[in-house]
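This one's a predicted model, so the numbers in the text were calculated from it and none came from an experiment.
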Amino acid sequence: QVQLVESGGGLVQAGGSLRLSCTASGRTFSRYAMGWFRQAPGKEREFVGRISRSGGNTYYADFVKGRFNISRDNAKNTVYLQMNSLKPEDTAVYYCAADSNLFVSQAPGSYDWWGQGTQVTVSS
């Protein structure tokens with residue numbers, strides 16, 4: 001079992017930056033690829049990005065390419081989501097998730113463990 005705890009959310013003005021963190025319990029963090037998702041009110045949960053087990057490969061949704069960056073520190077059991085040039089439409093609850101599968105997936109159902117989410121609000 002893996003427990004994930006996100007932090008770093010908050011209120012920021014458009015054009016600003018935030019860095020989210022997601023810390024995992026246990027000793028098996030490096031066995032999981034990690035994904036970030038978000039869910040705005042009234043909308044489905046959507047894929048933001050993903051990082052491979054080693055951190056050597058990252059994948060992003062088109063709407064965040066060039067603005068967001070995912071990294072991880074396996075020694076600290078932590079994955080990060082650096083968000084720059086934030087827009088009001090980035091407002092959502094952001095979730096991290098762990099995936100034990102080898103293939104890259106953007107589907108929430110492919111991920112095994114989820115954090116509780118952290119609110120990000122971008123004001124115009």
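For Ser105, the side-chain hydrogen bond (donor to acceptor under 3.5 Å, both in side chains) partners are Ser110, not counting sequence neighbours.
Using modelled atom types, no side-chain atom of Glu6 and backbone atom of Leu20 make a donor-acceptor pair closer than 3.5 Å. Of the possible polar contacts, none joining the Asn101 side chain to the Phe103 backbone as a donor-acceptor pair under 3.5 Å is found. Looking only at distances, a side-chain donor or acceptor of Arg53 sits under 3.5 Å from a matching main-chain atom of Arg31. Between the side chain of Arg38 and the backbone N or O of Thr91, no donor-acceptor pair lies under 3.5 Å. No donor-acceptor pair closer than 3.5 Å links the side chain of Asp99 to the backbone N or O of Val104.
Remark: Gln106 CD to Tyr111 OH distance equals 7.5 Å, nearest 0.5 Å. The structure places OG of Ser52 at 4.5 Å from CG of Asn57, a figure rounded to the nearest 0.5 Å. Note that the CG atom of Asn69 and the CD1 atom of Ile51 stand 8.0 Å from one another [nearest 0.5 Å].
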Can you check side-chain contact (heavy atoms from CB on, under 4.5 Å) on Glu89 and Phe63, steps first, answer last? CA-CA 10 Å; Glu89 51 264 44; Phe63 57 80; over 6 Å; no
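A continuous path of ILVMFWY side-chain contacts below 4.5 Å connects Trp114 to Val93, so both sit in one hydrophobic cluster. At a threshold of 4.5 Å between side-chain heavy atoms, the hydrophobic network of Ile, Leu, Val, Met, Phe, Trp and Tyr places Tyr60 and Trp36 in one connected group. If you chain together hydrophobic residues whose side chains sit under 4.5 Å apart, Tyr95 and Val48 never meet in one group. When hydrophobic clusters are built by joining Ile, Leu, Val, Met, Phe, Trp and Tyr residues whose side-chain heavy atoms come closer than 4.5 Å, directly or via intermediates, Ile70 is not grouped with Val5. Hydrophobic clustering of Ile, Leu, Val, Met, Phe, Trp and Tyr side chains at less than 4.5 Å, counting indirect connections, unites Met34 with Trp113.
Shown here for Ala98 and Leu4, the closest heavy-atom pair between the two residues is N-CD1, 3.8 Å. When every heavy atom of Asn74 is checked against every heavy atom of Ser30, the shortest pair comes out as ND2-CB, 3.7 Å. Across every non-hydrogen atom of Gln39 and Ala92, the tightest pair is O-CB, 3.5 Å. Val120 approaches Gly9 most closely through the heavy-atom pair CG2-CA, 4.2 Å.
A 6.0 Å sphere centred on CD of Gln3 holds no more than 12 heavy atoms belonging to other residues, nucleotides or ligands.
Classification of the Phe37-Phe47 ring pair by plane angle, with boundaries at 30° and 60°, yields perpendicular.
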List, one per line, each side-chain donor-acceptor pair under 3.5 Å for residues 79-88, sequence neighbours excluded.
| unit_1 | atom_1 | unit_2 | atom_2 | d |
| --- | --- | --- | --- | --- |
| Gln82 | NE2 | Asn84 | OD1 | 2.9 |
| Asn84 | OD1 | Ser17 | OG | 2.9 |

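Looking only at side-chain heavy atoms (C-beta outward), Thr28 and Val2 come within less than 4.5 Å of each other.
Tyr32 and Arg72 form no side-chain donor-acceptor contact under 3.5 Å, judged by distance and modelled atom types alone.
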